[in-house]
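Since this is a predicted model, take the numbers as computed values, not measurements. Residue numbers start at 1 and run along the sequence shown.
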Amino acid sequence: MLSTPATSEDVMNRRSILTYSAITALGLTLYSGSAISQPAKDIVGTWTIVSAEAFGPSPKGLLIFDANGRYSLMLMRPDLPKYAMNNRTQGAAEEYKAIGSGSISYYGTYSVSGSDLILRVEYSSFPNWNGTEQRRTNFTIVGDELKYTNTAPSVGGSAAALVWRRVK
């Protein structure tokens, strides 16, 4: 079978199709990359706790993310007992236990990878976490609400969902 030689118009059409395909592929690649990194930018700010089951029905706490990749988290039960001696270094055993089991604080650096929030703990009131990487899964920010799942809570047990609201 004989084929007819390609005209300059045919060559131009093929080049146009290849060019448009390459531009579309590049655009989709850049778009998907920015969609993944978008929450990292949106996370910066101060957040207050809405729900964290291990800390009771009305937990108290702040989570602060700065633009340089650092964070600080404080979380506690609202019903922590006052020390009878009014001195935190002279508490009774039951006071220490209530405070230790009803609060946690830690700080370090953070990053976002897909739907994971990665917290690199420098120091924590739960020393077992010092120097560890804590991964929070199902990380989302929708409007002024930040959610994630802690798959290995410091209090043990199963995964725990936490919800935070941006401080205005």
Test log, rule side-chain contact (heavy atoms from CB on, under 4.5 Å), inputs Y107 and I64: CA-CA 9 Å; Y107 68 90; I64 303 168; over 6 Å; no

Evaluation steps, side-chain contact (heavy atoms from CB on, under 4.5 Å), between I118 and S113: CA-CA 7 Å; I118 301 159; S113 177; 3.8 Å; yes

Quick one, T48 with T46, criterion side-chain contact (heavy atoms from CB on, under 4.5 Å). Give me CA distance, side-chain angles, the key distance, then yes/no. CA-CA 7 Å; T48 187; T46 302; over 6 Å; no

After noting the C-alpha distance and the side-chain angles of W129 and I104, does the key distance pass the side-chain contact (heavy atoms from CB on, under 4.5 Å) rule? CA-CA 11 Å; W129 279 5; I104 190 167; 3.8 Å; yes

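None of L63, T149, L75 except one satisfies the side chain to side chain contact (heavy atoms under 4.5 Å, CB included) rule with L162; the exception is L75.
Taking every heavy atom of both residues into account, W164 and I49 meet most closely at CE3-N, 3.3 Å. Smallest separation of non-hydrogen atoms from A52 and P59: N-CG, 3.8 Å. Looking at every heavy atom in both residues, R77 comes nearest to G56 through NH1-N, 3.4 Å. The minimum heavy-atom distance linking M74 with S105 is given by the pair CG-CB, 4.1 Å. Closest approach of S103 and S125 over heavy atoms only: O-OG, 4.4 Å.
Contact check for D144 versus V167: no side-chain heavy atoms found under the 4.5 Å cut-off. Looking at L146 and F65, their side chains come closer than 4.5 Å, going by heavy atoms from C-beta outward. Proximity of P81 to I99: side-chain heavy atoms (C-beta onward) are separated by under 4.5 Å at one or more points. Counting heavy atoms from C-beta outward, F139 and I43 have side chains that approach closer than 4.5 Å.
Taking the ring centroids of F126 and Y106, they lie at or beyond the 6.0 Å cut-off.
Ion pairing of R135 with D116 is present here, as a side-chain N (NZ or NE/NH1/NH2) and a carboxylate O approach within less than 4.0 Å.
Hydrophobic clustering of Ile, Leu, Val, Met, Phe, Trp and Tyr side chains at less than 4.5 Å, counting indirect connections, keeps L62 apart from V44. Cluster membership check: Y83 shares its hydrophobic cluster with L80, using side-chain heavy-atom separations under 4.5 Å among Ile, Leu, Val, Met, Phe, Trp and Tyr. L119 and M76 end up in different hydrophobic clusters when Ile, Leu, Val, Met, Phe, Trp and Tyr side chains are linked at under 4.5 Å.
Sorted by first then second residue, the side chain to side chain donor-acceptor pair (under 3.5 Å) pairs that include residues 88-98, not counting sequence neighbours, are N87-T89. For the side chain to side chain donor-acceptor pair (under 3.5 Å) condition, the pairs that include at least one residue of residues 50-75, sequence neighbours left out, are R70-E122.
Under 3.5 Å, the side chains of N130 and S124 contain no donor-acceptor pair of N or O atoms.
Separation of atoms CG (L117) and CG (N138) is listed at 11.5 Å; rounding is to 0.5 Å. Once rounded to the nearest 0.5 Å, the distance linking CH2 of W47 with CD of E145 reads 9.0 Å.
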